[in-house]
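It should be emphasised that the depicted structure is a prediction, and the values quoted were computed from it without experimental measurement. When a residue number appears, it is its place in the shown sequence, counting from 1.
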Amino acid sequence: KAAWNTEMKKVMVEGGSEAQVKTFYSCLYRVLMFPRKFHEINAKDETVHYSPYNGTVLPGFMYTDNGFWDTFRAVFPLFNLLYPEHNSEVMEGLANAYKESGWLPEWQSPGHRDCMIGSNSASIIADAYLKGLRGFDINALYDGILKNANNAGPLSSVGRMGADYYNKLGYVPYDAGINENTARTLEYAYDDFTVWQLAKQLKRPADEIALFEKRCQNYRNVFDPETKLMRGKNKDGNFMKPFSPFKWGDAFTEGNSWHYSWS
């Protein structure tokens, strides 16, 4: 009870009905359930973890049971505001995952899970660092971000599926045999915006900064001026047909063009 009160008291709400207050704190409770700690304290009072990536016990933090596609928009920005010390540990856990597996995770449970799209680890890392959080290996994390941004990984959810198309054409084509292609394009472009911001902060080489400044505009490549909505585009540059902005999935992820056009 004392431990939970410590966390809940980070936010004191006023006004509203008793039911609304209960709803707020119930939601905050659920936000704090994940990611789950995958580290512990050994007999020497050291923080250690069993690595699901290489099967050995290693020093430092590790977290699991979290997918960034589900959480990069709201949960991690909230952590940065209310629980920065905790999120610094999560970031260090991500650095450990990269060092132990060679890739930044996008869905840990406990290791890499082939689930969801985007390289949204870039978003949460950049947001944490730009909001002033420290205590983690930002250089290792940035190396992982660059690898993710330029390559397809060992699983469709790791790295960027369709990276060769995205980096050459500026979008993932609808007819390239890659599912959820337009959603991938839009999320990669947003992730590239966060990489651009982080690259400037880290004073990376000018050509690297310029690359991500350019790539973050790739959302324009799947905007259809005729319908004024985001739409799948084929390798030849023509938009896919037939098109319904209400069609669920297909070019999009757990949504349709009306959802993703806000990207």
Is a side-chain N or O of R231 found less than 3.5 angstrom from the main chain of M240, in a donor-acceptor match? yes
Taking the six-membered ring of W196 as reference, does the cationic atom of K200 (NZ for Lys, CZ for Arg) lie under 6.0 Å from its centre and within 45° of its axis? yes
Please determine, by modelled atom types, if E187 and W69 share a side-chain donor-acceptor pair under 3.5 angstrom. yes
Verify the neighbour count for atom NZ of K37: are there more than 12 heavy atoms of other residues, nucleotides or ligands below 6.0 Å? no
Flag side-chain contact, heavy atom, 4.5 Å: T185 against N181: no
Between Q108 and Y63, do the side chains contain a donor N or O and an acceptor N or O under 3.5 Å apart? no
Are the side chains of F79 and V90 in contact, using a 4.5 Å heavy-atom criterion? no
Can you tell me how far apart CG (L133) and CE (M91) are? Round to the nearest 0.5 Å. 8.0 Å
Is the shortest heavy-atom distance from the side chain of F252 to the side chain of H259 under 4.5 Å? no
Could you check whether N66 and R36, counting side-chain N and O atoms only, form a donor-acceptor pair closer than 3.5 Å? no
I would like to know whether L229 and W258 meet side chain to side chain contact (heavy atoms under 4.5 Å, CB included); could you show each step before the answer? CA-CA 7 Å; L229 293 167; W258 272 114; 3.8 Å; yes
Do the side chains of N148 and S121 get nearer than 4.5 Å, heavy atoms only? yes
Strictly distance-based, threshold 3.5 Å: is any side-chain N or O of D137 a donor or acceptor partner for the main-chain N or O of A140? yes
Mind checking whether V48 and L58 have side chains closer than 4.5 Å, heavy atoms only? no
Is the distance between the ring centroids of Y174 and F239 less than 6.0 Å? no
Could you check, using the six-membered ring where one of them is a Trp, whether Y188 and Y165 have ring centers closer than 6.0 angstrom? no
Would you say N42 and E46 are linked by a side-chain donor-acceptor pair, where the criterion is simply a distance under 3.5 Å? yes
Examine F68 together with W107 and report whether their ring centres are nearer than 6.0 Å. no
Do any side-chain atoms of residues 156-163 form donor-acceptor pairs under 3.5 angstrom with protein atoms, and if so which ones, sequence neighbours left out?
{"unit_1": "S156", "atom_1": "OG", "unit_2": "D114", "atom_2": "OD1", "d": "2.6"}
{"unit_1": "S157", "atom_1": "OG", "unit_2": "R113", "atom_2": "O", "d": "2.7"}
{"unit_1": "S157", "atom_1": "OG", "unit_2": "C115", "atom_2": "N", "d": "3.4"}
{"unit_1": "R160", "atom_1": "NE", "unit_2": "S119", "atom_2": "OG", "d": "2.8"}
{"unit_1": "R160", "atom_1": "NH1", "unit_2": "D192", "atom_2": "OD1", "d": "3.1"}
{"unit_1": "R160", "atom_1": "NH1", "unit_2": "D192", "atom_2": "OD2", "d": "3.4"}
{"unit_1": "R160", "atom_1": "NH2", "unit_2": "S119", "atom_2": "OG", "d": "3.3"}
{"unit_1": "R160", "atom_1": "NH2", "unit_2": "D192", "atom_2": "OD1", "d": "2.9"}

Donor-acceptor pair between H86 and E7 side chains, under 3.5 angstrom: no
Donor-acceptor contact below 3.5 Å, side chain H39 vs main chain M62: yes
Any donor-acceptor N or O pair under 3.5 Å, side chains S123, N120: no
Beyond-backbone contact of Q201 with L130, side-chain heavy atoms, under 4.5 angstrom: yes
Heavy-atom closest pair, residues L198 and A126: CB-CB, 4.0 Å
May I have the step-by-step check of ring pair (Phe, Tyr, Trp, His ring centres under 6.0 Å) for F76 and Y83, ending in yes or no? CA-CA 9 Å; F76 278 92; Y83 308 98; over 10 Å; no
No-hydrogen, no-angle side-chain donor-acceptor test under 3.5 Å, N238 and D236: yes
Under a plain distance cut-off of 3.5 Å, with no hydrogens placed, do T194 and D127 share a side-chain donor-acceptor pair? no
L155 versus H112: any side-chain heavy-atom pair under 4.5 Å? yes
Within 45° of the six-membered ring axis of F223 and under 6.0 Å from that ring's centre, is NZ or CZ of R220 located there? no
